[in-house]
Amino acid sequence: MSILIYKTENELMEKAIQAEGKSFKELDRKGRLTNQKSKGGLGQIIEESFFGYKVNSNAKPDFEELEIELKVTPFKVNKNGQLSSKERLVLNIINYVEEVNFDFDNSSFWKKNKKLLLMLYKWLPKIDRADYIIYKSMLFTFPDSDLEIIKKDWELIVTKIRQGKAHELSEGDTNYLGACTKGANKSSLRTQPYSDTPAMQRAFSLKQSYMTTLVRKFLKNEELVSFAKNEELHSKTLEEILYERFSPYIGLSDEEMANKLGERYNKKSKSFIPSLISSLLGIKGTRLEKIEEFAKANIQFKTIRLEPNDVPKESMSFENIDFHQWVEESWEESELREKFITTKFLFVIFQYNENKSQNPERKLYFKGINLWNMPLSTIDNEVREVWNEANRLLTVGLNIEYKKRGEKIIESNNLPKVGFNGVAHIRPKGKDGNDKTTLPNGQVITKQCFWLNNKYVAEVINESMNQ
DNA sequence: GCATGATCATGC
DNA sequence: GCATGATCATGC
């Protein structure tokens, strides 16, 4: 059903702006807040009570004549005061069988989501959702450069369906437009056209990282710096542009790279490699968090230093583990799973020319980059096994032992070790012997963190280098 | 040489 | 003071 009372964008926006400052309780005229617990509930209140049209699951935009789709979505205030989108913005469900027959201009995504009327409300912890307040209503159209990236994202998603891999689609596969799973549980399965394997239902979505940049831009006027030129994006993917920018430096030592880029050679500085990266992207001095494409696509950089035998000496560490959180979450909603699903890693790969025992002053040479996200099957198998095993031990209690080694007391535990499954393990990471944490069952242990095995990282790198 | 635990250095 | 990235040290 279309709404003819809004004949122009201006009329619609005049109305939409009237919701600013109002709570959902004030706007709800149909008692949805009290009767229903469905997650789409807040959006439905706006549709029904505020704009006065019936909730539908139409393939056309909500305001059809204006080609505008309504989206009601939350943002939050972080501990440091920065704003973030609370969630990814879930758009229309992907019909695997049909989407492969379209080109981008005729795709279900583009037909429905060309223009978005975004109504941002502020999410607060432990507050009744009836009291959430609409902060800002705005009409959003995709900037040209974003649209180029989104087109390629859409094409990648469709290509994967055409390869019979709809069930392997992961949000990290793409940059701004994702294919996120959407369904109550594993029983929300759909058929796909080029494989007999049923695939979880998925929807097109704008990544949470993409939405966060919108929130910061429109509520705080925060601007980012982009490295890709509009013209380049017509013909190349973001990945291709990145590889192109880095390739002139392959084979140089880190010192030669710094010289060529006019950067100070200071390998001890934590910002040395980040400075090289922004310089070589043509935006010298920009902090990596302020790079538009990295922020929107949630691209996180990691330096890798390979030994002469092509394996990094050390495993790759991540954040400290909050075990209280681990035991409370289900795997499906766990922060660990979410992290690997939503993060793309930019591996900046160097290699030592000699072993340290041969020459302590050995040099480091730039070998290339790899833009990588963990395959969904690895996340849901090996990473999950580590998570499961840790959670099992947290329930039954860890074996924590103390042994004397010379003057020192060494603490050890039975959390999954590097030999556990070839992908990941858990290991201590404290700043000294007193850097402890308390487990949910009261046990006290040195702070632990999640690691990707050095050999697994080596496999990932070697695969990418041989492509 | 590898596995495992310990701890350093930097930056906010 | 703490998080994060990086690396060290010991024992098998």
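Below, read A as the first sequence line, B as the second, and so on, with proteins coming before strands; counting in each chain starts at 1.
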Without hydrogens or angle criteria, can the side chains of [X] and [Y] be said to hold a donor-acceptor pair below 3.5 Å?
{"X": "A/Asn113", "Y": "A/Glu69", "value": "no"}
{"X": "A/Trp331", "Y": "A/Asp380", "value": "yes"}
{"X": "A/Asn78", "Y": "A/Ser84", "value": "yes"}
{"X": "A/Ser85", "Y": "A/Gln208", "value": "no"}

TODO: Answer with base, sugar-phosphate or nothing: what part of the nucleic acid does A/Lys447 contact at a heavy-atom distance below 4.0 Å?
DONE: sugar-phosphate

Open item on the list: Just to be sure I understand the rule, does A/Lys356 reach a base, reach only the sugar-phosphate, or reach nothing, if contact means heavy atoms closer than 4.0 Å?
Closed with: sugar-phosphate

TODO: Measure the acute angle between the ring planes of A/Phe75 and A/Tyr135, then classify it against the limits of 30° and 60° as parallel, tilted or perpendicular.
DONE: perpendicular

TODO: Measure up the A/Phe347 and A/Phe345 rings against each other and bin them: parallel (under 30°), tilted (30 to 60°), perpendicular (over 60°).
DONE: parallel

Open item on the list: Let me spell it out: for each of A/Lys270 and A/Ser412, pick the nucleotide of DNA chain B with the closest heavy atom. Which residue's pick is nearer the 5' end?
Closed with: A/Ser412

TODO: Starting from the 5' end of DNA chain B, give me the residue, A/Lys408 or A/Lys313, whose nearest nucleotide shows up first.
DONE: A/Lys313

- [ ] Give the minimum heavy-atom separation between A/Trp154 and A/Phe104, together with the two atoms involved.
- [x] CZ3-N, 3.5 Å

Task: Ring-ring centroid check A/Phe227 A/Phe294, cutoff 6.0 Å - done: yes

Open item on the list: Would you compute the distance between atom CG of A/Leu398 and atom CZ of A/Arg392 and round it to the nearest 0.5 angstrom?
Closed with: 10.0 Å

Task: Partner residues of A/Glu289 under the side chain to side chain donor-acceptor pair (under 3.5 Å) criterion, sequence neighbours left out - done: A/Arg287

Task: Pairing residues for A/Glu328 by the side chain to side chain donor-acceptor pair (under 3.5 Å) criterion, not counting sequence neighbours - done: none

TODO: Kindly calculate the angle separating the two end axes of the helix from B/dG1-C/dC12 to B/dC12-C/dG1, each obtained from five base pairs, and round it to 10 degrees.
DONE: 30°

Task: Sole candidate of A/Lys207, A/Arg88, A/Arg202 that passes side chain to side chain donor-acceptor pair (under 3.5 Å) when paired with A/Glu171 - done: A/Arg88

Open item on the list: If you assign each of A/Arg305 and A/Asp435 to its closest nucleotide in DNA chain C, which residue comes earlier from the 5' end?
Closed with: A/Asp435

- [ ] Give me the residues of residues 425-434 of chain A where at least one heavy atom lies under 4.0 Å from an atom of DNA chain B, by number, or none.
- [x] A/Arg427, A/Pro428, A/Lys429, A/Gly430, A/Lys431, A/Asp432, A/Gly433

Task: Selection: residues 344-352 of chain A, any non-hydrogen atom under 4.0 Å of DNA chain B - done: none

Task: Sidechain-backbone polar pair: A/Asn413 side chain, A/Ile400 backbone, donor-acceptor under 3.5 Å - done: no

Task: Terminal contacting nucleotides, 5' and 3', DNA chain B versus chain A (heavy atom, 4.0 Å) - done: B/dA3 to B/dC12

